[in-house]
Amino acid sequence: MLIKKEAKKKSVKVTLAKTKSVSKPVLPVKPAVALNLVRGMKDIIPPQGDLWLRMTQTAIDIATAYDFHYFETPVVEATSLFVRSLGRGTDVIDKEMYAFEDRDGGKICLRPEMTASVARSYIMQGMQTLSQPVKLWNIGPLFRYDRPQAGRYREFHQFDCETIGESAPVIDAELIAVAYNYLRDLGLTVTVRINSLGTPTDRANYLVELTGFLRGKRGYLCDDCKKRLLKNPLRVLDCKVDGCSAVVAEAPQIVDWLSETSKTFFMSVLEYLDELAIPYVLTPTLVRGLDYYTHTVFELFEDKHNETAQSALGGGGRYDLLIEQLGGQPTPASGFAIGMERVMHAVQALPNLEPQKISSKPIIFFAHLGEQARRRVLKTIEELRQNGIVVRHNLAKSSLKAQLELANKYNATHTLILGQKEVQDGTVLVRNMESGIQEIVDQNKIRQTIVKILAS
Ligand code: AMP
């Protein structure tokens, strides 16, 4: 009846239009503003969104297991915080800051990294009065005005862990273990590249030697490195231009300029890594480019990748002087940051590993056939959820075939099927998707049955 009325209305409209001889067809409404994504930004939509959530859960699990505690700091900070801590002459400060003036003329920026914010918070919130070390973790957005390309965005996210208030080398090894095991738990095979920058005195002595050497080879360096030679000669070491790499291969290495204490510290970190069977490569050219690092610096690379600048999944190091530099008490500290987007791309590229399969837990799908069954399933999934059990489902689909296809797509290990017959009998079919074996279970025992499956 309704449909007929609608049709009638439409035909009246058409007649009216004709009598008024409106010749132009009615065009679809154009959006008032063109829709754009700001350069270097991205949306994360399903199925990546599901993988993102799993990566977040894996971070929560590992951070909690190693006794790290969650923190949040604002995305907006004073620009001076990063200029003071990262240092001029670094790409992040000189080229990549999203820095601007707010309405009061205050110089603010979108944070380009997390460590300086954590150090600021540690000082301002009086965290030195807490039991030391303070172990903090977070996942949050960072902003760098970088040239966007594969794996490089202007807004990106990091899983960040910081241990503040302890100078023992075992802390560096523990942080490397957390970063390494996080990536391993997500199915990635990685190797740690590691180096030591020693103390500021070690570094200053080394810089005299390095600068002298590089000046002699100036003619072979790229234009950027010629500038780096004046501003921040250490950065020449991680230049990937062929001519520069050839020069760097012959350059003096910082390990030869470390004091005995710094060498012993570095050896200790390496011994812990040996103990933990974490694969590492000594990398004398690894300097991480920021002023605040002392002693251990490291980066994590997926094994299949060779030495390309952008492929580090994460990195970190010790920053014993940063908190004092920012006005706090002398406080040793160490940390790492892993790039979530790069990890997501790496996990997605894993052979035979779909996002849903990253979970080692059984996945349960709940299918229905008929309206009564649909209502029963709707009620049951909420009862299960209240008991901490999550089941996949699609209540909008009516065909059982379509639902079973979906269960396969989700890599469900088991599918519960509730049809009209089962509704009458008070039962449910439980199908093992691998073996195809089906079992009839009493509806009152659905929860018990799922708990048993999940525990298997
Ligand atoms: P960094 O603080 O530069 O050492 O970066 C640590 C990690 O964050 C890197 O290893 C990357 O995984 C990630 N990362 C850094 N910059 C970007 C970017 N522009 N886009 C995406 N990920 C990034």
Side-chain angles (χ1 to χ4, degrees), residues 1-10 43-58 60-61 186-187 344 347-348 350-456:
M1 228 11 216
L2 253 175
I3 295 166
K4 273 190 183 164
K5 266 188 190 167
E6 279 282 311
K8 228 180 173 182
K9 254 193 203 168
K10 270 189 185 159
D43 296 323
I44 296 171
I45 58 160
Q48 286 96 332
D50 300 332
L51 171 56
W52 189 269
L53 207 55
R54 180 151 301 289
M55 288 164 50
T56 305
Q57 187 57 51
T58 309
I60 295 173
D61 291 347
L186 288 170
M344 183 168 74
V347 173
Q348 280 177 314
L350 286 174
N352 310 322
L353 196 78
E354 290 171 35
Q356 293 87 352
K357 270 201 173 166
I358 293 161
S359 166
S360 54
K361 286 185 194 154
I363 295 171
I364 316 270
F365 190 91
F366 207 155
H368 65 279
L369 190 62
E371 187 51 31
Q372 261 185 309
R374 191 196 318 259
R375 286 183 200 189
R376 188 69 57 84
V377 172
L378 178 62
K379 196 158 168 254
T380 311
I381 53 181
E382 174 54 19
E383 284 163 6
L384 289 170
R385 190 194 66 79
Q386 285 177 11
N387 285 286
I389 297 169
V390 175
V391 291
R392 311 295 295 257
H393 58 275
N394 186 329
L395 293 170
K397 288 220 185 302
S398 296
S399 124
L400 185 60
K401 186 169 170 267
Q403 291 178 70
L404 291 179
E405 278 169 11
L406 206 55
N408 272 327
K409 199 173 148 212
Y410 288 148
N411 293 307
T413 51
H414 297 77
T415 299
L416 274 59
I417 304 168
L418 192 70
Q420 277 142 355
K421 182 172 176 299
E422 287 75 25
V423 173
Q424 306 297 324
D425 294 354
T427 58
V428 65
L429 278 181
V430 179
R431 178 189 288 190
N432 182 316
M433 299 294 277
E434 246 169 50
S435 63
I437 295 171
Q438 296 196 153
E439 207 187 325
I440 300 170
V441 171
D442 193 302
Q443 274 176 31
N444 296 323
K445 295 199 172 140
I446 289 181
R447 179 152 68 94
Q448 257 171 278
T449 309
I450 296 182
V451 168
K452 221 166 102 188
I453 293 172
L454 292 177
S456 64

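Computation of the quantities below employed the complete heavy-atom set of this structure, encompassing side-chain atoms and omitting hydrogens, waters and symmetry-equivalent molecules.
Closest approach of F365 to N394, counting heavy atoms only: CZ-N, 3.9 Å. What you find for A367 and V377 is that their closest heavy atoms are O-CG2, 4.2 Å. N408 approaches M433 most closely through the heavy-atom pair OD1-CE, 3.7 Å. Of all heavy-atom pairs spanning K397 and A402, the tightest one is CD-CB, 3.5 Å. Considering all non-hydrogen atoms of both residues, S398 and R374 come closest at OG-NH2, 3.5 Å.
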Steps toward side chain to side chain donor-acceptor pair (under 3.5 Å) verdict (D61, Q57):
CA-CA 6 Å; D61 291 347; Q57 187 57 51; 3.0 Å; yes
Are Q386 and E382 close enough, and set up right, to give a side chain to side chain donor-acceptor pair (under 3.5 Å), and what steps lead you there?
CA-CA 6 Å; Q386 285 177 11; E382 174 54 19; 2.9 Å; yes
K409 vs E405, test: salt bridge (charged side-chain N to carboxylate O under 4.0 Å, His left out). Steps then yes/no.
CA-CA 6 Å; K409 199 173 148 212; E405 278 169 11; over 6 Å; no
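The shortest side-chain heavy-atom distance between E434 and T413 does not fall under the 4.5 Å cut-off. In this structure, L416 and V391 have side chains that are not in contact, with every pair of non-hydrogen atoms separated by 4.5 Å or more.
Atom NE2 in H414 sits 12.0 Å away from atom CZ in R431 (nearest 0.5 Å). Atom OG1 in T380 sits 11.5 Å away from atom CD1 in I389 (nearest 0.5 Å). The line from CG of L186 to CE of M344 is 12.0 Å long, rounded to the nearest 0.5 Å. The distance from the CG atom of L418 to the CG atom of L369 is 9.0 Å, given to the nearest 0.5 Å. The CH2 atom of W52 lies 4.0 Å from the CD1 atom of I44; values are rounded to the nearest 0.5 Å. Between the CD1 atom in I381 and the CZ atom in F366 there is a gap of 8.5 Å [rounded to 0.5 Å].
For CD of Q438, the number of neighbouring non-hydrogen atoms (other residues, nucleotides, ligands) closer than 6.0 Å is greater than 12.
Every residue was checked against the side-chain hydrogen bond (donor to acceptor under 3.5 Å, both in side chains) condition with H393, not counting sequence neighbours, and none meets it. For K421, the side chain to side chain contact (heavy atoms under 4.5 Å, CB included) partners two or more places apart in sequence, or in a different chain, are D425.
The backbone N or O of A407 sits nowhere less than 3.5 Å from a side-chain atom of R392 that would complete a donor-acceptor pair. Here the side chain of Q403 pairs a donor or acceptor atom with the backbone of H368 at under 3.5 angstrom.
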Under 3.5 Å, which donor-acceptor pairs do the side chains of residues 440-450 form with other protein atoms, sequence neighbours left out?
from, atom 1, to, atom 2, distance (Å)
D442, OD1, N444, N, 2.9
D442, OD1, N444, ND2, 3.4
Q443, OE1, R376, NH1, 2.6
Q443, NE2, E422, O, 3.2
Q443, NE2, T427, O, 3.0
T449, OG1, K445, O, 2.6

